[in-house]
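All remarks here apply to the structure that follows.
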Amino acid sequence: MSEEQSQDSSDLFEQRRLKLERLREKGIDPYPLRAECTHSTAEAIRMLEEWKEKGGEDGPPEVVKLCGRMMSVRVMGKASFAHIADGSGRFQTYVRLADEGVDAETYELFKRDLDIGDIIQVEGTLFFTRTGEPSLRVTKLTLLAKSLRPLPEKWHGLKDVETRYRQRYVDLIVNEDARRVFVTRSHIVAALRRFMDSRGFIEVETPVLQPIYGGAMARPFTTYYHALDQEVFLRIADELYLKRLIVGGLDRVYEICKDFRNEGVSSHHNPEFTQLEVYQAYADYHDMMSLAEDAFSHVAEVVLGTVRVSYQGHELDLTPPWRRLPMRDGILEETGIDIYQAPTVELLRQRVEDQGLDVDPQPTRGSLVDEIFSEYVEPKLIQPTFITDFPLEISPLAKKKPDNPDLVERFELFIGGLELGNAFSELNDPVDQRERFMEQGRQREAGDDEAHPMDEDYVRALEFGMPPTGGMGWGIDRMVMLFTDQSSIREVILFPHLRTKGAPS
RNA sequence: GGGCCGUUAGCUCAGCCUGGUUAGAGCACCUGCCUUUUAAGCAGGGUGUCGCUGGUUCGAGUCCAGCACGGCCCA
């Protein structure tokens, strides 16, 4: 009965359900409690190759147990090959009828009731096939978990971007490149933590839910804290909390965490993203440049084994020191406009028009400078570059330059055309800070939704005295893009946010 | 928010421009053969809500409109 259904059934899912029932009828638990693995597949390959180097015949006599997901099957009459995959790689298994432990019933089970995608445990001895592939001669076969859904095609894999993101588990099963990106991401973050720790920084955790957001210019997500009967914001940055810790005497702190900005999604922006922020007392933005150079080149060396990174067809050299380019010089080079000769927004608008530049209208001189820069200079910044000397009005948390109070001690870091990071000599004058917040309030009145809100408690902290401090933040997602040569941020985020669709089938 | 493109079998894709038998291919799957294969091979089998809703038409996967989701570009 079930055999006929199996033959007739058009539904692959239903076919596998029938196999599941058949297994249960045979007294086989398709989801047993425990597995036993003596080696990973990578370890098995190493073991076999060492045996061969020592001049051993066939393979080592010891019995090994390997576990993994069946990724391919080749049945040839009374002998069959299958590849299993675990976290370390792939390995070929060989099942032959009438071999030790393989009676007709076992072989039939392998042929009829197992499918690509099933998770199995195989026990046996290692050997090389005629073609030299490391393999396991199976003497015992155990099903660890039956798979009810067919995997994507073995050759083309899963390409549909939407399905890859919505069902990342399938992407990770079949696309080795996807797996590689996320393993590399983990290595990058681990190497970064070790680097920061080695420099005497301590890792801290600050609030995700904040009564006042700050530390960046962005729109926040809002939510509601019922116990306190209060609206709260998901953090757009950790900056103001970390600097409170500097005030408190934790001289070197960093945090690697998710920040949230309620803004557009693009190939370089995800509303929920991971940032590193680091603050160092008795330091300034020059020290942050050195720290960035050291951190990037160190992590590249550890993770990639080189400081030369290939990104989207460009060869990037992360060897310190990196280029320092004042924003004014960058804009002058690319547009012919000297922003120092245009001290008001009206004059700058006039210069933009004279040069025939195509930029969106901006409410303030600072934001217009920023816009010109983004449009004409940013895409040219391929090799690592610190852009320095930012306009005061878009930098409410940075110290003024002593020789030019319209500018601040701030840099942004660009590599491969990506904006990677942002750093200041942190403003520690509480009176100046209060005035800057007031000015931001006026910009908000003038229509700038991203203006920085007033934070009285933060000003109070500064009033207790904050040492001269260098601070920096950088995007971990973009760093991973750079190190894994990905052009879309969604390729380095495991579960990028997509609009909800109907219930998955 | 705007423009362009996409959505067909479990997966990867043809078919649409120029409407017309029962919607195709490869892989996967099912049946049979095959004892070192590896994109195994040989023989047979098509398993489908052509994204959704409506319209035009004698007739729509194909043309039109709206909607949904996604991608790229712009904002």
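Letters go in sequence order (proteins before strands), and every chain restarts at 1.
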A:Ser395 side chain to A:Arg410 side chain, donor-acceptor N/O pair below 3.5 angstrom | yes

Rounded distance (Å) that lies between atom P of B:U35 and atom CZ of A:Phe127 | 16 Å

Rounded P spacing from B:G2 to B:G61 in Å = 30 Å

When the distance from CG of A:Leu18 to P of B:C29 is rounded to whole Å, what number comes out?
-> 16 Å

Within a radius of less than 6.0 Å around CZ of A:Arg17, do more than 12 heavy atoms belonging to other residues, nucleotides or ligands occur?
-> no

Whole-Å distance between B:G32 P and A:Met76 CE?
-> 18 Å

Walk me through it: do A:Arg442 and A:Glu439 pass the test salt bridge (Lys or Arg N to Asp or Glu O under 4.0 Å)?
-> CA-CA 5 Å; A:Arg442 286 188 286 275; A:Glu439 172 55 28; 3.0 Å; yes

Sorted by chain and residue number, the ring pair (Phe, Tyr, Trp, His ring centres under 6.0 Å) partners of A:Phe81 (sequence neighbours excluded) come out as A:Tyr94

For residues 489-498 of chain A, tabulate all N or O donor-acceptor pairs below 3.5 Å that involve a side-chain atom, not counting sequence neighbours.
| residue | atom | partner | partner atom | Å |
| --- | --- | --- | --- | --- |
| A:Arg490 | NH1 | A:Ser488 | OG | 3.4 |
| A:Glu491 | OE1 | A:Arg164 | NH2 | 2.7 |
| A:Glu491 | OE2 | A:Arg164 | NH1 | 3.1 |
| A:Glu491 | OE2 | A:Tyr165 | OH | 2.8 |

With C1' as the reference atom in both, quote the distance from B:G70 to B:G59 in angstrom, rounded to an integer.
-> 32 Å

Quick one: list whatever passes side chain to side chain contact (heavy atoms under 4.5 Å, CB included) with A:Ser310, sequence neighbours left out.
-> A:Glu315

Just name whichever nucleotide pairs with B:C72, Watson-Crick or G-U, keeping both distances under 3.5 Å, else none.
-> B:G3

Where at least one partner belongs to residues 33-76 of chain A, residue pairs that pass ring pair (Phe, Tyr, Trp, His ring centres under 6.0 Å), sequence neighbours excluded = none

Length of the line joining A:Leu114:CG and B:C30:P, which is rounded to integer Å = 11 Å

Taking the C1' atom of each, how far is B:G66 from B:A23, in whole Å?
-> 26 Å

What integer number of Å spans the C1' atoms of B:A68 and B:C52?
-> 7 Å

Separation of A:Phe13 atom CZ from B:U47 atom C1', in whole Å?
-> 16 Å

Please list residues of residues 78-95 of chain A whose heavy atoms come under 4.0 Å from any atom in RNA chain B, ordered by number; otherwise none.
-> A:Lys78, A:Ala79, A:Phe81, A:His83, A:Gln92, A:Tyr94

B:U35 P sits how many Å from A:Phe110 CZ, rounded?
-> 15 Å

Answer with base, sugar-phosphate or nothing: what part of the nucleic acid does A:Val75 contact at a heavy-atom distance below 4.0 Å?
-> base

Go through B:U36, B:U37, B:C29 for me and flag the one nearest to the A:Arg74 side chain.
-> B:U37

Taking only residues two or more places apart in sequence, or in another chain, which ones meet A:Lys111 in a salt bridge (Lys or Arg N to Asp or Glu O under 4.0 Å)?
-> none

Rounded to whole Å, the CZ-P distance (A:Arg219 to B:G1) equals 11 Å

For B:U37, which nucleotide is its Watson-Crick or G-U wobble mate, given both distances must be under 3.5 Å?
-> none

Rounded distance in Å between the C1' positions of B:A9 and B:G51 | 15 Å

Which residues pass the side chain to side chain contact (heavy atoms under 4.5 Å, CB included) test with A:Asn262, sequence neighbours left out?
-> A:Arg219, A:Phe221

Using atom names, set out every protein N or O paired with an N or O of nucleotides 11-15 of chain B below 3.5 Å, distance rounded to 0.1 Å.
| residue | atom | partner | partner atom | Å |
| --- | --- | --- | --- | --- |
| B:C11 | O2' | A:Glu153 | N | 3.3 |
| B:C11 | O2' | A:Gly157 | O | 2.7 |
| B:U12 | OP1 | A:Lys159 | N | 3.0 |
| B:U12 | OP1 | A:Asp160 | N | 2.9 |

Salt bridge (Lys or Arg N to Asp or Glu O under 4.0 Å) with A:Glu100: which residues, sequence neighbours excluded?
-> none

Only pairs at least two apart or in different chains count here, so list each side chain to side chain donor-acceptor pair (under 3.5 Å) that has a residue in residues 116-125 of chain A.
-> A:Asp118-A:Lys146

Pick the nucleotide of RNA chain B nearest each of A:Phe128 and A:Val73; which residue has the one closer to the 5' end?
-> A:Phe128

Considering only the C1' atoms, how many Å lie between B:G6 and B:G46, rounded to the nearest integer?
-> 26 Å

Give a yes or no on this: more than 12 heavy atoms of other residues, nucleotides or ligands lie within 6.0 Å of atom CG of A:Asp358.
-> no

Will you find, in the side chains of A:Ser487 and A:Tyr311, an N or O donor that is under 3.5 Å from an N or O acceptor?
-> no

How would you list, by chain and number, every residue that makes a side chain to side chain contact (heavy atoms under 4.5 Å, CB included) with A:Lys159, sequence neighbours excluded?
-> A:His156

Would you mind pulling out the nucleotide paired to B:G24, Watson-Crick or G-U wobble, both distances under 3.5 Å?
-> B:C13

A:Arg112 side-chain proximity, nearest of B:U36, B:A28, B:U31 | B:U31

Scoring nucleotides 68-74 of chain B by protein non-hydrogen atoms under 4.0 Å (B base, S sugar-phosphate only, - none) yields -SSSS--

Both distances under 3.5 Å, Watson-Crick or G-U wobble: report the partner of B:U49, or none.
-> none

Expressed as a whole number of Å, how far does the P atom of B:C16 sit from that of B:C64?
-> 14 Å

Taking CZ from A:Arg16 and P from B:A28, how many angstroms apart are they, rounded to a whole number?
-> 12 Å

For B:C63, the Watson-Crick or wobble counterpart (both distances under 3.5 Å) | B:G55

Between B:C11 and B:C4 - P atom distance, rounded Å | 29 Å

